[in-house]
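This report refers to the structure that appears directly beneath it.
Since we're looking at a predicted model, the values are computed, not measured.
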Amino acid sequence: MTSSKTQSNSKLLLFGSLTAFGTYFCMYAFRKPFTVATFENLVFMGMDYKIILIITQVLGYAFSKFIGIKLISELPANKRLAYLLSMIGLAEVSLVLFGWIYAPYNIIFMFFNGLSLGMVWGVVFSYLEGRRFTDILGVALCSSFIVSSGAVKSVGLLVMNSWKVPEIWIPAATGALFLIPFFICAFFLNRMPPPTEEDEVLKSNRKAMTSDDRKKVLFRFRFPLLILIVFYVTLTALRDFRDNFSREIWDALGYQDNAAIYTISELPIAILVLLIMASMVFVKQNESAFKYYHYLLIVGASIVGLSSFFFQIGVISPLIWMILVGFGLYLCYVPLNGLFFDRMIATFRVNGNSGFLIYVVDAFGYSGSIGVLLFKNFGKGNISWLDFFINGTYLVAVSGVVLTMISLLYFSRIHKAINPHRAHFKIVEQ
């Protein structure tokens, strides 16, 4: 009986990991390939055309996060697949119109592209949360955006160089290649069985939230959420900057026209983060796991700052530096995209779902990303992409360590107040 149950769990774990990974991997083909183009000598309203495109897409992405606070938290299970298919369809139509309409009048379609894609994450994660193996399933999902961003950029660069596709058509052409794979992965993901009774006992029941539910959660955790949002704003801004301007950063480091570098540099990051996060499944007590996720945020932020310091003094090479910075960023970014909040809900028995909390911090995170781009263009236009990025790593390091420690102390105090008979951040699993 035990062997049969273990085999069944293994199949579910493999099925969920592959389908979630594949679905979100394919989504990135509709979002990131345009960033491999430089759009040289194109300026609009006194701004670099590429910066405008990135800001416009992120603006749509951020706006969808605010919409998602309500829609994702209320999303019924029977509408997930319809949401996924319609979002990707609208995203590809936006990219076709982007290529068809002359610049700079095509900018608006990048907004609709971001608006279409911003809620895909919440829908996909809703299939995975509230399970005893959510840590592993979530890591498989998160590893997709670590690998996919570099991979689809490599595909986009190959489409441009090998097929001689004009820069303006790279996004639509790359997205078209991934339409059928996305539909296949989403179809199979939708066949994932719901959480079992055992899952609900271990992780608490996840349900669609009402307006009152959302207000209660925000009021109860208003201070720690504010702390995490401030850190997440800096974290998202730097991760997005590294992602969107990786072409410029790698060129400055001496890797011009090296299509493979985008994938090669991200693979070790994905593997290391996957192994570390997957190990959290062995931490059965939600309270302990929630505490350990705080430790990972502190370690990740420290790696980001220290690696830049060692790079600047010549101790490590540019390639190692980019890998270490990426590793530190994703060591922080991955937990805050679901796993951290999944354990938080289980620890404090929150009446709701992870999607709501994810979209609260995400909405402000991408708003911060827009602010950084505007600051780079208007406030620090004379500083190089590379130097601007290095300065950002130190900001993330300091804010990450300080704010995460405050969050840990505050959550520990809340937990101790709820469980006064326990001196430590740890209770018996219900």
Discussion item. Measuring centre to centre across the rings, with the benzene-like ring taken for any Trp, is Phe145 within less than 6.0 Å of Tyr333?
Written reply: yes

Worksheet item: Under 6.0 Å from the six-membered ring centre of Tyr293 and within 45° of its axis: does the NZ or CZ of Arg343 meet both?
Response: no

Fill in: With sequence neighbours excluded, residues passing side-chain hydrogen bond (donor to acceptor under 3.5 Å, both in side chains) with Ser94
none

Which donor-acceptor pairs under 3.5 Å do side chains of residues 59-67 form with protein atoms, sequence neighbours excluded?
from, atom 1, to, atom 2, distance (Å)
Tyr61, OH, Tyr24, OH, 3.3
Tyr61, OH, Arg31, NH1, 3.4
Ser64, OG, Tyr61, O, 2.7
Lys65, NZ, Gly118, O, 2.9
Lys65, NZ, Asp362, OD2, 3.0

Item to complete: Find out whether Leu97 and Trp100 are in side-chain contact, i.e. whether some heavy atom of one side chain is under 4.5 Å from a heavy atom of the other.
Response: yes

Practice prompt. Determine whether the aromatic ring centres of Phe245 and Phe388 lie less than 6.0 Å apart.
Written response: no

Fill in: Lys NZ or Arg CZ of Arg80 over Tyr83 ring: under 6.0 Å, within 45°
no

Worksheet item: Of all residues at least two apart in sequence or in a different chain, which pass the ring-ring contact (aromatic ring centres under 6.0 Å, His included) check with Phe182?
Response: none

Discussion item. Using a 6.0 Å cut-off, check whether atom CD1 of Ile180 has over 12 heavy atoms from anything other than its own residue.
Written reply: no

Worksheet entry | Pairs flagged by salt bridge (Lys or Arg N to Asp or Glu O under 4.0 Å) wherever residues 266-277 is involved - sequence neighbours left out | Arg242-Glu266

Discussion item. The criterion is side-chain hydrogen bond (donor to acceptor under 3.5 Å, both in side chains); which residues satisfy it with Ser369, sequence neighbours excluded?
Written reply: Asp240

Worksheet item: Who passes salt bridge (charged side-chain N to carboxylate O under 4.0 Å, His left out) against Arg239, sequence neighbours left out?
Response: none

Worksheet item: Are Phe34 and Phe98 close enough that their ring centers fall under 6.0 Å?
Response: no

Item to complete: Would you please classify the geometry between the Phe39 ring and the Tyr49 ring as parallel, tilted or perpendicular, with 30° and 60° separating the classes?
Response: perpendicular

Worksheet item: When you check the gap from the basic side-chain N to the acidic O, do Arg214 and Glu74 get nearer than 4.0 Å?
Response: yes

Discussion item. Between Cys332 and Phe231, is there a side-chain heavy-atom distance shorter than 4.5 Å?
Written reply: yes

